[in-house]
Amino acid sequence: MVNYGIDIWGNDNFIIKDGAICINKGSRPSLLSITQDIRNSGLRGPIILRFPHLIGKQIDTLYANFERAINENEYTGSFNAVFPLKVNQYPQAVKSIIEYGKSYNYGLEAGSKAELILAIAQTPLGSPITVNGFKDTEMTTLCFMAAQMGHNITVTLEGIGELESIIEVANGTNLKIPNIGIRVRLHSTGSGTWAKSGGMDAKFGLTATELIEAINLLKNHTLIERFSMIHFHIGSQMEEIAPLKKALREAGNIYAELKRMGADGLNAINIGGGLAVEYAQTEQHRLRNYSLTEFANDVVYVLREIMNTKEVEHPNIFTESGRFIVASHAVLITPVLELFSQDYQEKSLNFTGSNPPLIEELRELNTLLTRETCIEYMHDALDHLESLFTLFDLGYINLQDRSNAEILVHQIIKKSLRMMKGSPTLELTRMQERLQERYLINSSIFQSMPDYWGLQQHFPVMPLNKLDEPAIRAASLWDITCDSDGEIQFDPSAPLYLHDVDLDDEEYFLAFFNVGAYQETLGMNHNLFTHPNECSVDVTESGYRLHNIEESQNILDILDDIGYDKSQILIQLKNNLANTAFTTEEEKNDTLQKLELYLYQNGYLRTTN
Ligand SMILES: *Cc1c(COP(=O)(O)O)cnc(C)c1O
């Protein structure tokens, strides 16, 4: 994995400079200097770094591509977009979305009551709000209130029953009626892990029969003028373009048919989200088979062709891409706490004057190893190790001998791997897989990369520095939860090579990229590890500015959140301690102070790292 695949997943957002990964903007600061800056204030544990300019870049790219496609195809409809809040509702992310999106009239999409309130409060008046997901009468009423406030809001019906609730609210109040959208149920399906959103068995959307029924209901209740949009969403992380084209053809024809049936207010097709993000670190694992240019061209071209054939005006286009907009803006920095294989380092060898003959032979093999002999010597070493284990079980060698044997054999295998790099035998490749060395990272996979746990979604990962030094340890990553699922393993055909570091002497950090979409609110507090520390970074020409540094929740607040009374817990612990015998009053006060300090710190580990 040369350069850790930065040219595949990095999108020119990062560069490697002087052996460190840097932000490719302005002063090009290294992620390491930013991380150390934040840690100098005493903060410990994992950190989410947010780079608002990367949200800006994605919004600009989305609009520029569609504007270009529209001009090139002489398309007469407009391009509009909303950000689906479920992808990231965190305040700093939403703030950047609003700021960078303002000049485009970029809006927000909501899928629940809480998201709807957020959208109504945050969307600039005039920018679109779309509302998807299942709704009750209260939620529908909230949409009417938003319309009354002057918002450009469209309520999307997920089922025919929701139309009844709209009719009920429209009849029962004098509030302004919002625009009405209808999700259509397509027979075409998406591709990728999340494809369940499209297709005849989809969770959402009206069938052809229900669409006809809905049109009649809307006409009968004089609401047909409010019906302005049809909507579909074929699923997230759409890795191939073909299913989108199929869905567009189907939805485009439904649009034209509805226009013919007298849906005079209908003027927009909302194509949902699904634009994929490249998470792969190697060419052979590449996920996405299209570019944004191709995506935009296809949408505009397919709709134009259908409308021209059916002599219908070109509809306005809406997109709800979320992952594409925010994935790249967040980077998770995790300190490495420990290398579990450190016990296998040469410096731990400890020989006596008279070592068992097999150990002496291992020492010799280890010294004499060459590229020509290494396979043979490695076989001899493994053979010796088996014999030495047997000798240990029978009581003939001691624990130090056994430790020496394990280290020597490890050394021999690792040296062979290095010598044969480029042309490893199948056996060596398997050996390597078994020898993935465990790096313990100060974070929770359940909290910070739930899609790895739930869907085996890979996130690009690399060390922050030492990138000009050879990385020779094929690694697997362990998190600090007490759960055996809290491990990230790597495909032996594409191992993650990390550096040999002595953590007593130096710090070592890993960065996970493209974690800005879905991970933060999907993350779970397994073992009570909560949302990491976070910080926003504005990169300038001369340096960078850190703002909105938020520490991860402290331990008392974590307990309070799940229903404990934190003051009671504090009092109880302090009383318990105060009632024990201390040698001096000073010692007692010290201990009580320390206890209190610990309780007000975040729940991640605070060793030197
Ligand atoms: C989740 C969702 C989106 C966002 O999808 P991405 O793949 O993140 O772009 C858009 N629209 C709807 C209706 C959704 O449910």
Side-chain angles (χ1 to χ4, degrees), residues 55 58-59 61-63 65-66 80-90 93-94 97 101 106-112 114-116 118-119 128-135 139 153-159 162 181-186 189-199 202-206 229-241 243-244 247-248 251 268-279 287-288 290 292 295-296 299 317-330 450-451 454-455 457 459 514-522:
I55 291 182
Q58 294 304 94
I59 295 176
T61 311
L62 180 72
Y63 278 88
N65 267 285
F66 271 94
N80 311 266
V82 291
F83 175 77
L85 281 167
K86 76 161 188 279
V87 185
N88 197 322
Q89 306 94 337
Y90 272 74
V94 172
I97 288 161
Y106 190 41
L108 295 173
E109 183 266 357
S112 67
E115 287 181 358
L116 177 59
L118 190 55
I129 298 176
T130 61
V131 187
N132 301 313
F134 296 109
K135 294 166 273 301
M139 193 161 162
I153 183 168
T154 307
V155 195
T156 306
L157 307 178
E158 305 287 359
E162 288 181 2
I182 295 183
R183 168 132 32 165
V184 295
R185 183 170 300 214
L186 304 178
T189 55
S191 71
T193 323
W194 293 267
K196 280 194 290 277
S197 306
K203 191 168 152 191
F204 304 104
L206 276 68
M229 179 188 284
I230 62 164
H231 174 234
F232 69 89
H233 170 65
I234 60 176
S236 202
Q237 184 67 1
M238 187 185 68
E239 289 171 359
E240 291 165 31
I241 195 77
L244 175 78
L248 279 166
I269 291 193
N270 181 340
I271 63 168
L275 253 179
V277 162
E278 189 54 79
Y279 295 100
L287 300 167
R288 203 177 62 174
Y290 59 93
L292 178 57
F295 179 92
V299 172
I317 297 166
F318 278 72
T319 71
E320 297 176 332
S321 278
R323 184 186 298 275
F324 175 84
I325 298 293
V326 289
S328 62
H329 96 283
D451 277 346
L455 300 160
Q457 171 68 63
F459 293 93
N514 286 341
V515 296
Y518 295 102
Q519 305 315 297
E520 289 183 63
T521 34
L522 266 183

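Both ligands and their constituent atoms are indexed starting at 1 by order of listing. Only a predicted model underlies this, so the values are computations on that prediction, with no experimental measurement involved.
- Proximity of His233 to ligand 1, defined as any heavy-atom pair under 4.0 Å, is confined to the side chain (atoms from C-beta onward).
- Using a 30° and 60° split on the angle between ring planes, Phe295 and Tyr290 fall in the parallel class, below 30°.
- Short contacts between ligand 1 and Arg183, defined as distances under 4.0 Å to a heavy atom of the residue, involve ligand atoms 13 (C).
- For ligand 1, the atoms sitting less than 4.0 Å from at least one non-hydrogen atom of Tyr518 are 1 (C), 4 (C), 5 (O), 6 (P), 7 (O), 8 (O), numbered in the order shown with element in parentheses.
- Atoms of ligand 1 lying under 4.0 Å from any heavy atom of Glu320, numbered from 1 in the order shown and given with element: 3 (C), 4 (C), 9 (O), 10 (C), 11 (N), 12 (C), 13 (C).
- With respect to Ile269, the side chain to side chain contact (heavy atoms under 4.5 Å, CB included) criterion is satisfied by exactly one of Val184, Ile317, Ile230: Ile230.
- Contacts with ligand 1 closer than 4.0 Å are made by side-chain heavy atoms of Pro84 only, the backbone lying farther away.
- With ligand atoms numbered from 1 in the order given, ligand 1 contributes 5 (O), 9 (O), 10 (C), 11 (N) to contacts under 4.0 Å with heavy atoms of Gly273.
- Partners of Tyr90 by ring-ring contact (aromatic ring centres under 6.0 Å, His included), not counting sequence neighbours, listed by chain and number: His531.
- Annotation for ligand 1: atoms under 4.0 Å from non-hydrogen atoms of Arg323 are 6 (P), 8 (O), 9 (O).
- Near Val87, meaning under 4.0 Å from one of its heavy atoms, ligand 1 places the atoms 8 (O).
- Contacts between Met238 and ligand 1 below 4.0 angstrom, taking non-hydrogen atoms only, are absent altogether.
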